[in-house]
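As the structure is a computational prediction, the values presented were derived from the model and not from experiment. Computed over heavy atoms, backbone and side chain alike; hydrogens, waters and symmetry mates excluded. As the structure lists them, so they are numbered: ligands from 1, and atoms in each ligand from 1.
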Amino acid sequence: MAYQTLLWDESDGVLTVTLNRPEVLNAVNDRMAEELLDALRRAAREAGVRSVILTGAGRGFCAGQDLRERQAGDFAYAHHIRTRYAPVIHQLLALEKPVVAAVNGVAAGAGCSLALACDLRVASEEASFLQAFTRIGLVPDSGATYFLPRMVGLGKAFELCYLAEPVPAPEALRLGLVNWVVPGPELMQKAREVAGRLASGPTRAYGLTKRALLRNLSADLAGALDYEAMLQEAAGRTEDHREGVRAFLEKRPPNYTGR
Ligand code: LHQ
């Protein structure tokens, strides 16, 4: 698929996907939703991709649904969310490779949900996070009501969703919405540093760790312990595990290949 709304850039095992409709702060139209899903599926398939950065072109990260694409009231809302947004969120979580959001500017509505569905977030000092939905009489979607309370607690989630005020990057850091905040010019360097480190790590172990953390969000202890045991069976059979132990015993840094 030739991308019209995304940029795909791959180097040293790190794939950078850039949402590229800067004139509308990378608002999501049908084409972008389709392309993003395609790009994430491709990232899963390609063994050379060992970590992913998701960022936005221009001054915004993503302003959520393109509100000019259809007139308010004319969306088949449930169908639109089920067919455009939910598959992207599912794919981000199902992608068994680390995904880092490099949040370069405002992340609003479903654009904020996209950032929250990534594994890690680096934000520039100019970034902000906005639960824009209730501002236009809508309900938080695309996973916002799943991730927000888990990240910031239920009371704060209510505040962010009801009052729909932008959360500036330093406050987002304090709340645990982001992992790092850096000056704008250093954003991609920091994101590449994190994603690069992860791309040279034990890819299968990261993928299985992601599965365990996500699935065990809603497990009981017995279920969580058992699921971990099952995944360890798979991690224990990888070449990277053998290499990790060898490197430890030989007192040298490991050379992980993702196998
Ligand atoms: C936009 C947008 C945008 C189009 C900025 N669309 N053009 C799911 C399913 C079905 C239906 C509905 O929704 C959903 C999920 C959702 O995502 S709902 C939430 C949708 N998003 C929003 O409500 C956010 C709307 N945008 C804003 O509130 C502001 O643009 C923010 C706070 C993000 C940024 O404000 P400013 O920095 O002041 O920028 P701006 O407003 O001047 O925007 C720059 C341009 O981008 C402007 O175009 P223009 O031609 O006037 O320069 C905006 O119209 C355009 N733009 N967001 N979502």
Side-chain angles (χ1 to χ4, degrees), residues 4-7 17-40 54-93 101-118 121 123-149 151-152 157-172 175 177-178 181 183-185 187:
Q4 295 167 8
T5 66
L6 301 181
L7 303 174
V17 175
T18 305
L19 307 175
N20 192 28
R21 302 185 70 220
E23 65 288 356
V24 288
L25 307 178
N26 306 312
V28 180
N29 59 9
D30 286 355
R31 178 82 199 183
M32 186 189 275
E34 214 177 291
E35 290 185 2
L36 187 52
L37 182 59
D38 184 85
L40 293 171
L54 180 65
T55 191
R59 73 175 177 90
F61 174 74
C62 177
Q65 170 63 41
D66 185 328
L67 298 173
R68 290 210 178 90
E69 196 173 34
R70 289 178 192 80
Q71 296 227 322
D74 281 355
F75 283 94
Y77 288 85
H79 179 75
H80 191 78
I81 289 164
R82 288 188 182 120
T83 57
R84 300 289 194 289
Y85 289 94
V88 169
I89 301 298
H90 271 305
Q91 189 57 35
L92 272 171
L93 300 191
V103 186
N104 51 303
V106 64
C112 185
S113 304
L114 271 183
L116 300 186
C118 295
R121 278 152 295 283
S124 79
E125 284 169 351
E126 296 74 32
S128 60
F129 297 80
L130 174 61
Q131 292 301 310
F133 308 91
T134 58
R135 282 192 175 190
I136 56 168
L138 288 180
V139 174
D141 65 27
S142 306
T145 60
Y146 182 85
F147 291 112
L148 259 190
M151 287 181 179
V152 302
F158 265 113
E159 179 192 326
L160 299 182
C161 293
Y162 277 177
L163 302 185
E165 296 292 344
V167 179
E171 173 69 359
L175 288 175
L177 272 180
V178 302
V181 176
L187 178 70

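Summarising the local packing, CZ of Arg82 is surrounded by 12 or fewer heavy atoms from other residues, nucleotides or ligands at distances under 6.0 Å. In Gln71, the CD atom is not crowded: 12 or fewer heavy atoms of neighbouring residues, nucleotides or ligands sit closer than 6.0 Å.
Judged as a salt bridge (Lys or Arg N to Asp or Glu O under 4.0 Å), and not counting sequence neighbours, the contacts of Asp30 are Arg70, Arg84.
The residue among Asp74, Leu138, Val106 with a heavy atom at the shortest distance from atom 33 (C) of ligand 1 is Val106. The heavy atom nearest to atom 55 (C) of ligand 1, out of those in Val28, Asn26, Leu114, Val24, is found in Val24. Nearest-heavy-atom check against atom 50 (O) of ligand 1 across Arg68, Arg21, Arg59 picks out Arg68.
Under the 4.0 Å distance rule, the nearest protein heavy atom to atom 52 (O) of ligand 1 falls outside the cut-off. Contact annotation for atom 29 (C) of ligand 1: protein absent (non-hydrogen atoms, distance under 4.0 Å). In this structure, atom 39 (O) of ligand 1 has a protein heavy-atom contact shorter than 4.0 Å. Counting protein heavy atoms under 4.0 angstrom from atom 10 (C) of ligand 1 gives one or more. Closer than 4.0 Å to atom 6 (N) of ligand 1 lies at least one heavy atom of the protein. Using a 4.0 Å threshold on non-hydrogen atoms, atom 44 (C) of ligand 1 counts as touching the protein.
Looking at Ala63 against ligand 1, both its backbone and its side chain come within 4.0 Å, counting heavy atoms.
Set against the non-hydrogen atoms of Gln65, the atoms of ligand 1 under 4.0 Å away are 3 (C), 6 (N), 11 (C), 12 (C), 13 (O), 14 (C), 15 (C), 16 (C), 17 (O), 20 (C), 58 (N). Close approach to Glu23 involves these atoms of ligand 1, each under 4.0 Å from a residue heavy atom: 45 (C), 46 (O). For ligand 1, the atoms closer than 4.0 angstrom to any heavy atom of Leu130 are 32 (C).
Geometrically, ligand 1 and Gly111 share no nitrogen or oxygen pair separated by less than 3.5 Å. In terms of polar-atom proximity, Ile136 is not counted as a contact of ligand 1, lacking any N or O under 3.5 Å from an N or O of the ligand.
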